[in-house]
Asks: 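Handing you this structure, nothing more for now.
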4 protein chains.
Amino acid sequence: MAKNKERLQVETSVKDAQLIEFRRQQIINAAIVLFKEKGFHRATTREIAKVAGFSIGTLYEYVRTKEDVLYLLCDSIYNEVRQRLDSFPQYSGTVDELKEAIKQYFLLIDSMTDAFTIMYQESKSLSKEALHYVLNKELEMVALFQNILKNCSELGVLKLSEQELFLAANHIVIQGQSWAFRRWALHRHCTIDEFIEYQTNTFLCGIMRQE
Amino acid sequence: MAKNKERLQVETSVKDAQLIEFRRQQIINAAIVLFKEKGFHRATTREIAKVAGFSIGTLYEYVRTKEDVLYLLCDSIYNEVRQRLDSFPQYSGTVDELKEAIKQYFLLIDSMTDAFTIMYQESKSLSKEALHYVLNKELEMVALFQNILKNCSELGVLKLSEQELFLAANHIVIQGQSWAFRRWALHRHCTIDEFIEYQTNTFLCGIMRQE
Amino acid sequence: MAKNKERLQVETSVKDAQLIEFRRQQIINAAIVLFKEKGFHRATTREIAKVAGFSIGTLYEYVRTKEDVLYLLCDSIYNEVRQRLDSFPQYSGTVDELKEAIKQYFLLIDSMTDAFTIMYQESKSLSKEALHYVLNKELEMVALFQNILKNCSELGVLKLSEQELFLAANHIVIQGQSWAFRRWALHRHCTIDEFIEYQTNTFLCGIMRQE
Amino acid sequence: MAKNKERLQVETSVKDAQLIEFRRQQIINAAIVLFKEKGFHRATTREIAKVAGFSIGTLYEYVRTKEDVLYLLCDSIYNEVRQRLDSFPQYSGTVDELKEAIKQYFLLIDSMTDAFTIMYQESKSLSKEALHYVLNKELEMVALFQNILKNCSELGVLKLSEQELFLAANHIVIQGQSWAFRRWALHRHCTIDEFIEYQTNTFLCGIMRQE
DNA sequence: TATGAATGAGCTTTCATTCAT
DNA sequence: TATGAATGAAAGCTCATTCAT
């Protein structure tokens, strides 16, 4: 998996790296609560600072602009996803591995519905540069599933063209996210386990159709 | 298809109904351009009026608040969808009909990508009341596909539980919309026709798995 | 009584004098209702026209500015007062005549509380020129009572200096108006008749103190 | 004298209580100048801030709405009145005490003509809630004189019914205020001392008439 | 005469950001 | 490092007035 090392730098006047990490996590947590409740634009930096537990002045010691907060939030989500999916054994190309990856991804989304919804609905408010970075991360996530699918494909379980690989990977990512941004419709009709089961089955049947 | 007759009223001080219709279409068109470009919050009412071709005062003759503009936009999209899908012959329950409905829906989205994207990213900015109305419209759209699927199901082509019917219908709606809100990823990998083909095939194989 | 003949002209594009009179009375009536309810500034010209029963365009055929409406209203009040107090017999200088004048004045106010309150609270919104005119009218009203008092004074019933005459006349005018602008306090403690009785008695005792 | 402890709270984002007091006094002073000159509605918040000596943003750190400014102004007037009249010795029921109270009240008004005029002409622009509070304060002021009169009455100097007590107290309050809102008429005919003398005399003769 | 759609100056209010302490 | 008072650009919305019909 290609590593995207050039994480955009959010500058700080504070030096203590650990403190920075700590404060930023406080900021992200506050932001999730507030952005979920009122959206990026309606939430004010004052509120974020207050919920985070410090003053507006302090907020701006760890962040240059309000947009930085959103960026930090999106970035942290991708890190979570990466960590979750990286904790796997090497991919050997079996369908069970694919199933497990899907399951982990869906479960992660279920445990972070708010954060995912925010990312989905608010990332457009990022600057062009930051948005570009975030979309790249998103593509990385797609690529991740694309790779797993490719492994399966190469081992003969599936036979998919490059285009089909991409569309299939996209398919997984989107359906997973839909559990977050369409919670209002889905959650009252099924549990996350039922959802995973249904999605996995139909998805696998779908891509195995040619055989 | 259940008719949602209680369209929320957006008040006006203008009396000429035709003029209202005309001006509001101008407003919607302007809004699509601007909301796409900068999002609901960054677009100003002044800009909307300017792009629409009249003064800020005139804008507010046809709309009470900025939110009304967004509501009008969402509402008009659903009307388009309804019109498009209502223009069909009676549903007889064949798979071809299902395919055709999916196709029409996807093509509609393709021809209104911007409007759909806006609706999906900005509808959260609606007031509770208006949001509720819009989500209901969305559920109606899902129900529409649910009905077609049910027809197929009853005629023996498919065998789906109620839950599966709902999830399958959702599936279609979401994948269709993803063509709009993930255009940045999808459009460079395939055409709308390829996308339709791929989605239709995998979807049908997916839901026919039990046989 | 000195006549103030130079009534400020409110121009019109309409020629028919009777129609003008009629429409303006409609305007004044509407204005009384609305200014009472929301004050001069919060009442809009649109509303005035609507309550008056015609369109905003028509309103502006009979009035140059919103301020004109207020001016018309104030002016009409003074005319009412004048008419009411002019309908008396010649003043002969008896205390009974004074009592009667006070009574008529107070009763008039009681029958036009809203209009008087508006005049008292909103006349400051008139242009300098119009305000000047209105205040002159007010002084005329004071002068009217001043004259009656002078008559009494000259006939030996009272002995008042010029200054006392002025202050006493003012006293009457103010107490009368207070029945309007302090209705919220007074009306629940006494009727207009009790109020007149009380005011007349204390006033007369007051100014007759020297004897 | 009944204490009205529930002073309506005007919220602030500033924490330093002393600073709040100081800035608000600046705001009130600026408001008196401007409301006097152009009235509540024609004076803009920007102007108020400018005259007060700070930016519009700062104004809104100490006040939630423009109406709050008016409320603050009214409230401060009542506090002045209360302080002035509370600094007296216990009321013993002599006429001299009554005279002194009247004198102090009139002198206070004379030293704050603008503020009183504003309060009387603009308080109608307050919200229902704030207006109610202000009118209560006004009634308290009336009650204050009512009490003094009652003392006199009980000690045998005066014999007044409850209704007469109320009307007499109102009388004083109104005449005092008239020195403010009719300055244009009164000030050129007499000094405040002459006015006090005249009012006191006629008032006392008036209410002592029955004996 | 009567109408009412169009106009735009101008108002109140918000809020991201700075900087002296 | 942390604080929070100060700032002012910018936004949404209103409404008196005009003018073509």
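Proteins come first, then strands; the chains are lettered A, B, ... in the order of their sequence lines, and each starts at number 1. Hydrogens, waters and symmetry mates play no part in the numbers below; they use all other heavy atoms, side chains included.
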Asks: Rounding to a whole Å, what distance do you find between Phe54(C):CZ and dT3(E):P?
Replies: 9 Å
Asks: From CG of Leu59(A) over to P of dA2(F), roughly how many Å is that when rounded to an integer?
Replies: 12 Å
Asks: Quick one: side chain to side chain donor-acceptor pair (under 3.5 Å) partners of Thr58(A), sequence neighbours excluded?
Replies: Ser55(A)
Asks: Let me know the distance between CZ of Phe22(C) and P of dA2(E), rounded to the nearest Å.
Replies: 10 Å
Asks: Do Tyr120(B) and Phe181(A) have ring centres separated by under 6.0 Å?
Replies: no
Asks: Of the nucleotides dT3(F), dT17(F), dT3(E), which one has an atom closest to the side chain of Ser55(C)?
Replies: dT3(E)
Asks: I need the Leu131(A) CG to Glu138(A) CD distance, nearest 0.5 Å.
Replies: 10.5 Å
Asks: State which of dA5(F), dT7(E), dT3(F) makes the closest approach to the side chain of Tyr62(D).
Replies: dA5(F)
Asks: Have a look at Thr65(B) and say if it touches a base, only the backbone sugar-phosphate, or nothing, with a 4.0 Å heavy-atom cut-off.
Replies: sugar-phosphate
Asks: Applying salt bridge (Lys or Arg N to Asp or Glu O under 4.0 Å) as the test, list every pair that has at least one member in residues 50-59 of chain C; sequence neighbours left out.
Replies: none
Asks: Using a 3.5 Å limit on both pairing distances, list the dot-bracket string of DNA chain F from the 5' end; Watson-Crick and G-U wobble pairs count, crossing pairs take [ ], interstrand pairs take |.
Replies: .||||||||||||||||||||
Asks: Using whole Å, report how far CD of Glu61(B) lies from C1' of dC13(F).
Replies: 12 Å
Asks: Holding to side-chain contact (heavy atoms from CB on, under 4.5 Å), I want the full list of residues that pass it with Tyr60(B), two or more places apart in sequence or in another chain.
Replies: Thr45(B), Ile56(B)
Asks: Closer than 4.0 angstrom, basic N to acidic O: yes or no for Glu61(B) and Arg46(C)?
Replies: yes
Asks: Would you tell me if any nitrogen or oxygen in the side chain of Arg23(D) comes within less than 4.0 Å of OP1 or OP2 on dA6(F)?
Replies: yes
Asks: Where does the angle between the aromatic ring planes of Phe54(C) and Tyr62(C) fall among parallel (under 30°), tilted (30 to 60°) and perpendicular (over 60°)?
Replies: tilted
Asks: Rounded to whole Å, please give me the gap between CG in Leu19(A) and C1' in dA2(F).
Replies: 11 Å
Asks: Among dC13(F), dT3(E), dT18(F), which nucleotide sits nearest the side chain of Thr58(C)?
Replies: dT3(E)
Asks: Can you check the Arg24(D) CZ to dA5(F) C1' distance for me, whole Å?
Replies: 15 Å
Asks: Which nucleotide in the list dT3(E), dT12(E), dA2(F) gets nearest to the side chain of Lys66(D)?
Replies: dT12(E)
Asks: Send over the distance from Gln18(C) CD to dT1(E) P, rounded to a whole Å.
Replies: 12 Å
Asks: Would you say a side-chain N or O of Tyr60(A) is under 4.0 Å from OP1 or OP2 of dT17(E)?
Replies: yes
Asks: At a heavy-atom distance below 4.0 Å, what parts of residues 25-52 of chain B sit against DNA chain E?
Replies: Arg46(B)
Asks: Just to verify, what does Glu122(D) make a salt bridge (charged side-chain N to carboxylate O under 4.0 Å, His left out) with, not counting sequence neighbours?
Replies: Lys124(C), Lys124(D)
Asks: Picking from dA16(E), dT1(E), dT17(F), which would you name as closest to the side chain of Ile56(C)?
Replies: dT17(F)
Asks: Strictly below 4.0 Å, N to O, side chains only: are Glu47(D) and Lys38(D) in salt-bridge contact?
Replies: yes
Asks: Without decimals, in angstroms, what is the distance between Glu11(B) CD and dC13(F) P?
Replies: 14 Å
Asks: Where does the angle between the aromatic ring planes of Tyr133(D) and Tyr71(D) fall among parallel (under 30°), tilted (30 to 60°) and perpendicular (over 60°)?
Replies: tilted
